[in-house]
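What follows is a short report on a single structure.
Along the sequence shown, residues carry numbers from 1.
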Amino acid sequence: MIRICSTEDVSKGAVISADVDGVQIAVVHGEDDAFYAVRDECSHAAVALSEGEVSGCTLECWLHGSRFDLRTGEPTGLPATEPVPVYPVEVRDGEIYVSMTPSNGVTR
């Protein structure tokens, strides 16, 4: 697990982008108060998901409106049809840690 930031750095409903060994990830503080991490790149248009909007447990791509389930990485709306990698998150002592082994098996 790699320390990313403090929980205080990501307010509820917000997203930050972090570079972890050359991989951009989006760390999301979901509206359910849980923290999530996904590859910070839309599987449809290769743009940063961290610039999108959080709604419930989904993150919307700002360019074409595809939504991705933060728990599974699966797209919940077109035009995206391929999932994004989802990384396991642990919160310890107010710090966010991420494993760079995708929990959903997507590696692209």
Side-chain angles (χ1 to χ4, degrees):
M1 298 294 265
I2 299 167
R3 182 195 173 278
I4 304 299
C5 62
S6 167
T7 56
E8 294 177 357
D9 294 335
V10 192
S11 57
K12 188 184 278 192
V15 186
I16 65 163
S17 183
D19 182 301
V20 180
D21 297 330
V23 176
Q24 287 299 125
I25 63 167
V27 178
V28 182
H29 189 169
E31 292 177 355
D32 62 353
D33 218 23
F35 290 90
Y36 301 94
V38 298
R39 174 87 44 91
D40 192 9
E41 183 179 4
C42 178
S43 62
H44 170 254
V47 298
L49 288 174
S50 59
E51 296 177 24
E53 296 289 321
V54 177
S55 178
C57 288
T58 65
L59 180 58
E60 181 180 32
C61 177
W62 63 270
L63 186 59
H64 295 120
S66 293
R67 288 195 165 279
F68 296 90
D69 187 310
L70 294 166
R71 299 161 293 193
T72 65
E74 291 293 326
T76 61
L78 294 174
T81 59
E82 298 295 320
V84 294
V86 173
Y87 304 102
V89 174
E90 282 185 22
V91 176
R92 289 182 259 159
D93 299 322
E95 303 292 318
I96 299 171
Y97 294 84
V98 173
S99 167
M100 291 308 292
T101 302
S103 60
N104 63 346
V106 176
T107 58
R108 63 145 207 99

*Under 3.5 Å donor-acceptor, Ser17 side chain and Ser50 backbone*: no
_According to a hydrophobic-cluster definition based on side-chain heavy atoms being under 4.5 Å apart (Ile, Leu, Val, Met, Phe, Trp, Tyr only), do Val54 and Val38 belong together?_
yes
*Where do Gly52 and Val15 come nearest, in terms of heavy atoms and distance?*
O-CG2, 4.4 Å
*Taking every non-hydrogen atom, the tightest pair across Asp32 and Cys57*: OD2-SG, 3.2 Å
_Note, Val10 side chain near Ile4 side chain (heavy atom, < 4.5 Å)_ = no
*Enter the distance from Glu74:CD to Ser43:OG here, rounded to the nearest 0.5 Å.*
9.0 Å
*Could you tell me whether the side chain of Thr7 reaches within less than 4.5 Å of the side chain of Val91, counting heavy atoms only?*
yes
*Taking all heavy atoms of Val98 and all of Tyr87, pick out the closest pair and write down the distance.*
CG1-CB, 3.5 Å
_If I compare all heavy atoms of Ala45 with all of Leu63, which pair ends up nearest, and what's the gap?_
CB-CD2, 3.9 Å
*Take atom CD in Glu31; do more than 12 heavy atoms of anything else shown fall under 6.0 Å from it?*
yes
*Is any side-chain heavy atom of Ser66 less than 4.5 Å from a side-chain heavy atom of Pro75?*
no
*Specify the closest pair of heavy atoms between Leu59 and Ala26, including all atoms of both residues, with the distance to one decimal.*
CD2-CB, 4.5 Å
*Do the side chains of Glu53 and Trp62 get nearer than 4.5 Å, heavy atoms only?*
no
*Measure the shortest side-chain to side-chain distance between Val27 and Asp9 over non-hydrogen atoms and say whether it is less than 4.5 angstrom.*
no
*Give the intermediate values and the outcome of side chain to side chain contact (heavy atoms under 4.5 Å, CB included) for residues Ser55 and Arg67.*
CA-CA 9 Å; Ser55 178; Arg67 288 195 165 279; 3.7 Å; yes
*Between CZ of Phe68 and CZ of Arg39, what distance do you get to the nearest 0.5 Å?*
12.5 Å
*Which value, rounded to the nearest 0.5 Å, describes the distance between Glu60 atom CD and Cys42 atom SG?*
10.5 Å
*asked:* Checking the side chain of Asp19 only, and the main-chain atoms of Gln24 only, is there a donor and an acceptor separated by less than 3.5 Å?
replied: no
*asked:* Nearest 0.5 angstrom please: Tyr97 OH to Arg3 CZ, how far?
replied: 6.5 Å
*Flag, side chain of Asn104 to backbone of Thr72, donor-acceptor distance under 3.5 Å*: yes
*Nearest 0.5 Å, what's the NZ-NE2 distance between Lys12 and His29?*
6.0 Å
*Are Val86 and Val106 close enough that some pair of their side-chain heavy atoms sits under 4.5 Å apart?*
no
_Working to the nearest 0.5 angstrom, can you tell me the gap between Ile96 CD1 and Ile16 CD1?_
6.5 Å
*Please tell me if the side chains of Met100 and Ile25 come closer than 4.5 Å, counting only heavy atoms from C-beta onward.*
yes
